[in-house]
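Residue numbers start from 1 in every chain, and the chains themselves are labelled A, B, ... in the order their sequence lines are given, proteins ahead of strands. The shown structure was predicted, so the numbers you read here are calculated from the model rather than taken from an experiment. As a basis for the values below, the full set of heavy atoms in this structure was taken, side chains included, without hydrogen atoms, waters or symmetry mates.
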Number of protein chains: 2
Amino acid sequence: MVTLAEVAQHAGVSASTVSYVLSGKRSISANTRQRVERSIRELGYHPNAGARALASSRSNIIALMIPLRTDMYVPVMMEIAIAVATAARTHGHDVLLLTGEEGPDAVRRVAGSGLADGMILMDVELDDERMPLLRATDQPSVLIGLPADTTGLTCVDLDFRATGALCVEHLAKQGHQDIAVIGEAPAVYERHTGFAERTLDGLRTRSRELGVRLLHRPCEGGYDAMAVTLARILDERPDTSGIIVQNESAVEPLLALLRQQGRAVPEDVSVVAICPDQVATQASVRLTSVAIPAQEMGRHAVEQLVAKFEGRGSDEVVLLAPELTVRGSTGPAPTRP
Amino acid sequence: MVTLAEVAQHAGVSASTVSYVLSGKRSISANTRQRVERSIRELGYHPNAGARALASSRSNIIALMIPLRTDMYVPVMMEIAIAVATAARTHGHDVLLLTGEEGPDAVRRVAGSGLADGMILMDVELDDERMPLLRATDQPSVLIGLPADTTGLTCVDLDFRATGALCVEHLAKQGHQDIAVIGEAPAVYERHTGFAERTLDGLRTRSRELGVRLLHRPCEGGYDAMAVTLARILDERPDTSGIIVQNESAVEPLLALLRQQGRAVPEDVSVVAICPDQVATQASVRLTSVAIPAQEMGRHAVEQLVAKFEGRGSDEVVLLAPELTVRGSTGPAPTRP
DNA sequence: AAATCGTATCGAAGCGCTTCGACAACCTAT
DNA sequence: ATAGGTTGTCGAAGCGCTTCGATACGATTT
């Protein structure tokens with residue numbers, strides 16, 4: 001393994017000079033710089049990560065804590081993770097993958113060991129046990145998702161409240177008066193996951209303002225659960241003409257069931273989904289949807305964190321504005337006979 | 001930040017003693033050990049990762065290289081990634097997430113900098129440009145997936161050849177004579193991804209042995225592409241009574257189309273899927289399927305790698321045996337009129 | 001001509017840990 | 001009682017890098 005000292009010797013300069021060429025923290029004559037750079041190339045030198053971390057107390061690593069659960073929104077998480085990794089690289093950082101399994105201990109471990117310079121947490125719950133720790137340590141961090149109390153924290157998320165409102169507006173504008181919301185699995189609401197509750201809040205508030213009726217039902221994924229949920233909804237509100245789905249694994253079953261029951265989309269029923277674009281475009285009907293801007297969230301989180309490393313950056317909550325893309329699954333409400 | 005030296009002082013011993021308590025590499029009296037452990041707890045000491053890596057030249061980090069593409073098998077990748085992270089922790093390692101973006105450079109960077117003790121590569125292509133590098137460096141590595149030439153490499157994968165054979169057998173045993181295979185997107189085959197080709201090989205070989213007719217068609221995901229593909233298949237081989245799908249995003253469209261055309265599953269057509277269990281059980285028909293053992297693959301890869309760290313472990317190819325789970329989507333072939 | 005300054009380089013200290021050899025202190029076998 | 005083994009602990013060297021003065025030297029100003 002090639003060391004700094006070897007490069008220095010090869011280039012006929014001192015070790016510190018090589019270090020300064022690498023970091024650019026002091027001016028180096030063009031001549032020397034070129035000699036050093038040539039030696040680095042010829043010897044195939046790579047700085048030793050451990051030594052660098054020790055001497056500079058900066059590891060150039062960002063820890064990313066993803067949930068252990070693989071029951072929900074997996075492609076979105078993956079997309080965020082990849083966006084984080086990609087963005088981190090452009091800032092000269094690598095990404096350490098932590099699963100939620102360790103819970104708060106992981107925060108302690110990473111902060112304590114100097115393994116990472118900062119961390120990004122996904123799947124934040126409203127009352128998350130990691131928050132007190134995060135506030136206590138001086139380890140910079142950014143959350144993807146929103147806890148109940150955001151004081152002293154930096155967060156990035158889709159504005160789910162606005163998302164809910166946007167969906168209702170879109171349907172109401174087309175004359176729909178009875179709207180059903182098919183949500184995530186009951187467990188998600190029981191866990192008080194922030195995004196689910198905030199969406200619901202947005203949906204309810206806006207529908208109240210617009211004077212449309214709203215019925216919300218959680219739903220496990222899959223065909224069978226969907227059949228039961230849909231039957232109950234149509235039983236309670238036979239005039240339902242608009243459906244908003246916020247549950248990836250309920251989308252296709254819903255469409256299949258509607259088709260089976262002879263309800264045409266969008267002629268008889270309009271459907272709006274809150275889901276990744278991929279799901280919306282690959283469904284059996286191209287769905288009008290609000291996408292989860294995974295890429296943007298990941299990139300944003302990294303940039304906030306890097307800003308903190310450099311002393312700029314502040315504790316703020318960034319809510320990304322939702323965008324509704326109209327595709328083929330929504331249209332005017334049918335006129336009642 | 002608490003250091004080893006501070007712990008030593010607090011416990012009234014030397015720094016090296018604390019180190020030996022931590023590593024267990026020399027015997028320590030029960031008395032001293034307890035005093036030290038108590039100090040560690042009271043001071044909230046965490047060893048500094050950089051210093052440790054520098055002194056021991058072991059970072060306790062495993063690099064995991066995942067593909068950048070998010071167009072295929074995302075949940076499986078995620079599951080593997082999580083399994084790797086979890087397994088790594090049980091062996092005292094953390095996981096560094098590398099995207100395929102950097103390609104071979106990432107291998108050089110990680111090996112050169114001592115950032116990780118070894119690496120696990122996913123999404124290996126048959127003729128992968130990273131392989132020569134991997135063979136050249138002394139950085140231990142394990143592949144998830146199989147390149148064309150496996151000499152000098154350690155690989156873990158599902159036995160896709162056996163998987164193909166198993167699917168054909170299952171259908172043939174029930175009397176199906178005309179079997180169609182709906183595969184991955186054409187791009188996957190053009191890229192010469194190992195698993196796709198090996199599956200196909202297993203399918204073809206076994207169907208020849210059993211004397212059944214086999215028709216293979218690649219297929220983009222989604223409803224529209226599936227409609228075209230299915231129409232072509234039924235046009236060419238109207239007697240097709242068994243279908244094998246190896247394409248997650250084609251599963252649900254296929255079922256929807258069959259239903260729409262009045263072909264009952266499994267009465268008229270039997271369907272076998274090669275996909276994660278989650279997809280098979282959540283589909284509108286519970287699918288007979290061969291699962292991708294993501295957890296097991298991840299765990300296995302980590303264990304092979306850790307074995308290499310410790311000097312045991314060898315270059316071998318581990319092919320996990322496929323298991324076919326019979327659910328509701330397969331039955332006897334219909335008797336021809 | 002001396003004083004001042006900026007630029008380019010070097011030497012040395014030190015980051016927090018592991019590990020090796022040394023050395024007491026004690027226990028056994030002669 | 002002495003040689004030889006254990007067992008438990010310590011001190012010091014060093015891992016490869018960053019970074020802080022210090023220094024040397026040419027360019028500028030007084």
- [ ] Rounded to the nearest angstrom, tell me the gap between atom CG in B/N60 and atom P in C/dT18.
- [x] 10 Å

Task: Candidate nucleotides C/dC20, C/dC17, D/dT9, ranked by approach to the side chain of B/T17 - the nearest - done: D/dT9

- [ ] With heavy atoms under 4.0 Å as the rule, sort B/T3 into base, sugar-phosphate or nothing.
- [x] sugar-phosphate

TODO: Name the closest nucleotide to the A/L4 side chain, picking from C/dC10, C/dC15, D/dC17.
DONE: D/dC17

TODO: May I ask you to verify if any side-chain N or O of B/S19 is less than 4.0 angstrom from the OP1 or OP2 atom of C/dT18?
DONE: yes

- [ ] Indicate whether the side chain of B/S16 and that of B/S19 have a donor and an acceptor atom separated by less than 3.5 Å.
- [x] no

Task: B/N31 side chain to B/S29 side chain, donor-acceptor N/O pair below 3.5 angstrom - done: no

TODO: Classify the nucleic acid contact of B/S27 as base, sugar-phosphate or nothing, counting any heavy atom under 4.0 Å across all strands shown.
DONE: base

Task: Selection from C/dT19, D/dT19, C/dG16 that lies nearest to any side-chain heavy atom of B/S56 - done: C/dT19

Task: Separation of D/dT19 P from A/R52 CZ (nearest whole Å) - done: 10 Å

Open item on the list: Classify B/S29 by what it touches in the nucleic acid, base, sugar-phosphate, or nothing, heavy-atom distance under 4.0 Å.
Closed with: sugar-phosphate

TODO: Could you work out which one of C/dA8, C/dA22, C/dG11 sits closest to the side chain of B/R26?
DONE: C/dA22

Open item on the list: Could you check whether the side chain of B/T32 and the base of D/dG8 have a donor-acceptor pair of N or O atoms closer than 3.5 Å, going by distance alone?
Closed with: no

Open item on the list: The side chain of A/K25 is closest to which nucleotide in this list: D/dC17, C/dC17, D/dT19?
Closed with: D/dT19

Open item on the list: Of the options D/dT18, C/dG16, C/dC17, whose atoms approach the side-chain atoms of B/L54 most closely?
Closed with: C/dG16

Open item on the list: Of the listed nucleotides (D/dC10, C/dC17, C/dG11), which one gets closest to any side-chain atom of A/S16?
Closed with: C/dG11

Open item on the list: Looking at A/R58, I want to see if its CZ is surrounded by more than 12 non-hydrogen atoms of other residues, nucleotides or ligands under 6.0 Å.
Closed with: yes

Task: Proximal nucleotide (of D/dT19, D/dC17, D/dG11) relative to the A/A51 side chain - done: D/dC17

Open item on the list: By nearest atom, which of the nucleotides C/dC10, C/dT18, D/dT9 is closest to the B/I28 side chain?
Closed with: D/dT9

